[in-house]
Amino acid sequence: MGQTFDLTGKVALVTGGNGGIGLGMAQALAKAGARVAIWGTNPDKNARAVETLRAHGEAEGFVCNVADRDEVNATMAATLDRFGRLDGCFANAGVSGRGARSFLDIDPEEWRRVLSVNLDGVYHTYQAALRHMVARAEAGDPGGRLACVSSLASVSGAARNEHYAASKGALNAMTFALAVEFARYGITANAILPGWIATDMTENARDNPKFAQAAGARIPARRWGEPSDFGGIAVYLMSDASAYHTGQLLQIDGGYFRF
């Protein structure tokens with residue numbers, strides 16, 4: 001990718017980095033020279049992902065449920081102890097709604113389950129990362145990258161999925177506010193909005209021929225996205241080339257939203 005996108009010496013954290021979009025980003029970051037930490041709740045998936053990442057450089061996996069604030073703080077401390085610093089935090093861990101159901105049928109437990117991971121989890125993770133980044137900036141080493149994985153559901157009408165849409169819309173608003181508050185420390189904040197991507201989370205949708213065909217017909221690129229399609233944006237956002245790029249919603253969707 002050239003010297004501009006050389007991430008040698010930088011450390012990146014990817015939550016939910018043991019599969020799907022998270023692993024796609026982590027692989028590209030490792031190939032570009034970054035040392036990579038991944039967090040995930042499944043130790044076996046973590047181990048397999050780390051084995052893949054170590055083919056390109058230094059990587060470590062940590063078991064962490066981002067919905068648990070104490071667990072996040074403890075895992076961030078372990079991550080910093082292992083790598084010594086953190087230059088980029090990709091808050092990708094998330095869950096989908098359990099089946100399409102009317103808003104009238106979403107019970108409080110299901111509402112909280114989705115928001116506790118998709119919104120609260122990013123809050124916990126970002127706060128822990130920012131404490132380190134700000135302290136480092138105040139000590140004379142400014143800079144840092146925050147990037148969350150939002151969704152097109154945050155900017156379109158996601159009927160029967162209001163809890164998921166609400167969690168992702170809140171991430172967009174949080175991104176704007178963080179970009180303004182922490183710019184003085186050289187820290188940027190952006191949100192990545194995937195379209196229809198072939199991951200475990202969308203497996204049920206892809207297994208529904210009627211839906212998969214209808215969605216595919218609306219994608220100008222004429223294919224579903226792949227986790228590897230998120231490697232380039234991850235490397236760019238992690239690199240010095242993005243130092244003046246902040247407070248943005250970046251759609252990676254094959255043109256779906258514009259069709």
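- Without hydrogens or angle criteria, S239 side chain to Y236 main chain gives a donor-acceptor distance under 3.5 Å.
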Please tabulate, one pair per line, all N/O donor-acceptor pairs under 3.5 Å involving side-chain atoms of residues 11-33, not counting sequence neighbours.
unit_1, atom_1, unit_2, atom_2, d
T15, OG1, N92, N, 2.8
T15, OG1, A93, N, 3.0
N18, ND2, N46, OD1, 2.8

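- Side-chain N or O atoms of E71 include one that pairs as donor or acceptor with a backbone N or O of N65 at under 3.5 Å.
- When the shell of 6.0 Å around CZ of F103 is examined, it contains 12 or fewer heavy atoms from other residues, nucleotides or ligands.
- Inter-residue side-chain proximity for Q251 and Y256 is flagged as unmet; no heavy-atom pair is nearer than 4.5 Å.
- Between the Y126 side chain and the T175 main chain, no donor and acceptor come within less than 3.5 Å of each other.
- Note that CG of D107 and CZ of R113 are 10.0 Å apart. Values are rounded to the nearest 0.5 Å.
- Remark: N172 CG to L249 CG distance equals 4.5 Å, nearest 0.5 Å.
- Here the side chain of S154 pairs no donor or acceptor atom with the backbone of S150 at under 3.5 angstrom.
- Applying the salt bridge (charged side-chain N to carboxylate O under 4.0 Å, His left out) definition to pairs two or more places apart or across chains, those involving residues 8-22 are K10-D240.
- The neighbour count for R184 CZ, taken as heavy atoms of other residues, nucleotides or ligands under 6.0 Å away, does not exceed 12.
- Checked against ring-ring contact (aromatic ring centres under 6.0 Å, His included), Y185 has no partners two or more places apart in sequence or in another chain.
- At a threshold of 4.5 Å between side-chain heavy atoms, the hydrophobic network of Ile, Leu, Val, Met, Phe, Trp and Tyr places W224 and F257 in one connected group.
- With contacts defined as side-chain heavy-atom distances shorter than 4.5 Å, the pair Q127/R69 qualifies.
- Listed for the N118 side chain is a donor-acceptor partner under 3.5 Å among the backbone atoms of V95.
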Side chains of residues 156-166: which donor-acceptor partners sit under 3.5 Å, not counting sequence neighbours?
unit_1, atom_1, unit_2, atom_2, d
S156, OG, L152, O, 2.8
H163, NE2, E110, OE2, 3.1

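- In E51, the CD atom is not crowded: 12 or fewer heavy atoms of neighbouring residues, nucleotides or ligands sit closer than 6.0 Å.
- When each of D120, T41, V72 is paired with V66, the side chain to side chain contact (heavy atoms under 4.5 Å, CB included) condition holds for V72 and for no other.
- Residue pairs that meet the salt bridge (charged side-chain N to carboxylate O under 4.0 Å, His left out) test with at least one member in residues 241-259, sequence neighbours left out, do not exist here.
- Between the side chains of W39 and T79, at least one donor N or O lies within less than 3.5 Å of an accepting N or O.
- Sorted by first and then second residue, the salt bridge (charged side-chain N to carboxylate O under 4.0 Å, His left out) pairs involving residues 77-96 (not counting sequence neighbours) are E58-R82, E60-R82, R85-D87, R85-D141, D87-R136.
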